[in-house]
Amino acid sequence: MSRHWLMKSEPEEFSIDDLERVGTEPWSGVRNYQARNYMRDGMRIGDGILFYHSNCAEPGIVGLAEVRSEAYPDPSQFQRRSDYYDPASTPEAPRWLLVDVGFRRKLARTITLAELKDRDELGDFALTRRGNRLSVLPVTRTQWDFILALEKPRRGR
DNA sequence: GCCAACGTTGGC
DNA sequence: GCCAACGTTGGC
């Protein structure tokens with residue numbers, strides 16, 4: 001059973017264009033236990049990912065990606081000079097994991113946060129819950145299908 | 001275990 | 001740049 005996810009990235013750090021260029025990217029730097037648990041316990045190879053640009057002029061979903069690996073230890077937690085270094089983590093008991101994220105395609109247009117907030121059809125959507133800050137969050141099949149249908153608005157609206 | 005202080009996220 | 005809403009840390 002394939003599942004669906006949303007992953008946030010600041011475009012100034014790593015954008016959908018960056019992902020298109022590299023093809024596959026080890027998603028390092030997740031330092032939140034709930035987000036880690038989604039990657040470790042929820043994600044399977046082939047799962048679909050909504051790629052979201054955060055902390056930018058027009059926050060929103062800009063592309064599609066997919067899970068390309070099982071979760072494995074994030075090497076940056078062991079690198080002293082990395083921003084993501086965690087002195088409390090050891091290779092024997094790594095605290096932080098990542099998955100490889102692969103490019104699928106860019107969307108024809110950005111589906112903005114404002115638009116997503118406006119859509120009651122999305123129901124209880126993790127992205128627009130008050131106070132949400134998770135960078136990795138689940139998307140239901142229904143939400144996935146609805147969001148992709150928004151990509152090309154029908155005429156006459 | 002409580003909770004104040006602090007750091008981060010991310011929209012605006 | 002502001003600030004609300006979190007999560008984490010550490011004293012007690």
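If you're wondering where the values come from, they're calculated on a predicted model, not measured in any experiment. Proteins come first, then strands; the chains are lettered A, B, ... in the order of their sequence lines, and each starts at number 1. Scope of the values below: all heavy atoms of this structure, side chains included, with no hydrogens, waters or symmetry mates.
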I'd like to check A/Glu58 versus A/His53 (side-chain heavy atoms, cut-off strictly below 4.5 Å). Are they in contact?
no

Would you mind reading off the distance between A/Glu10 atom CD and B/dC12 atom P, rounded to a whole angstrom?
15 Å

Short side-chain N/O contact to C/dA5 OP1/OP2 from A/Arg130, under 4.0 Å:
yes

Atom CE of A/Met7 to atom C1' of B/dT9: distance rounded to whole Å?
16 Å

Once you round it to whole Å, what is the distance between C1' of B/dT9 and CG of A/Leu127?
13 Å

Whole angstrom is fine here: how far is it from CG in A/Asn55 over to C1' in B/dG11?
8 Å

Calculate the interatomic distance between A/Leu134 atom CG and B/dT8 atom C1'; express it in whole Å.
13 Å

So do the side chains of A/Ser54 and A/Arg133 get within less than 4.5 Å of each other, counting heavy atoms only?
no

Presence of A/Tyr84 side-chain N/O under 4.0 Å of B/dT8 phosphate oxygens OP1/OP2
no

side-chain contact (heavy atoms from CB on, under 4.5 Å) partner of A/Trp144, chosen from A/Thr140, A/Leu148, A/Ile147
A/Leu148

Are side-chain heavy atoms of A/Arg3 and A/Val67 found at a separation under 4.5 Å?
no

In whole angstrom, give the distance that lies between atom CD of A/Glu58 and atom P of B/dC12.
12 Å

Measure CD/A/Glu13 against P/B/dT9 and give the value in whole Å, please.
10 Å

Less than 4.0 angstrom between a side-chain N/O of A/Lys8 and OP1 or OP2 of B/dT9, yes or no?
no

A/Tyr33 side chain: which of B/dG7, C/dT8, B/dG11 is closest?
C/dT8

Rounded to whole angstrom units, what separation is found between the OH atom of A/Tyr52 and the C1' atom of B/dG11?
8 Å

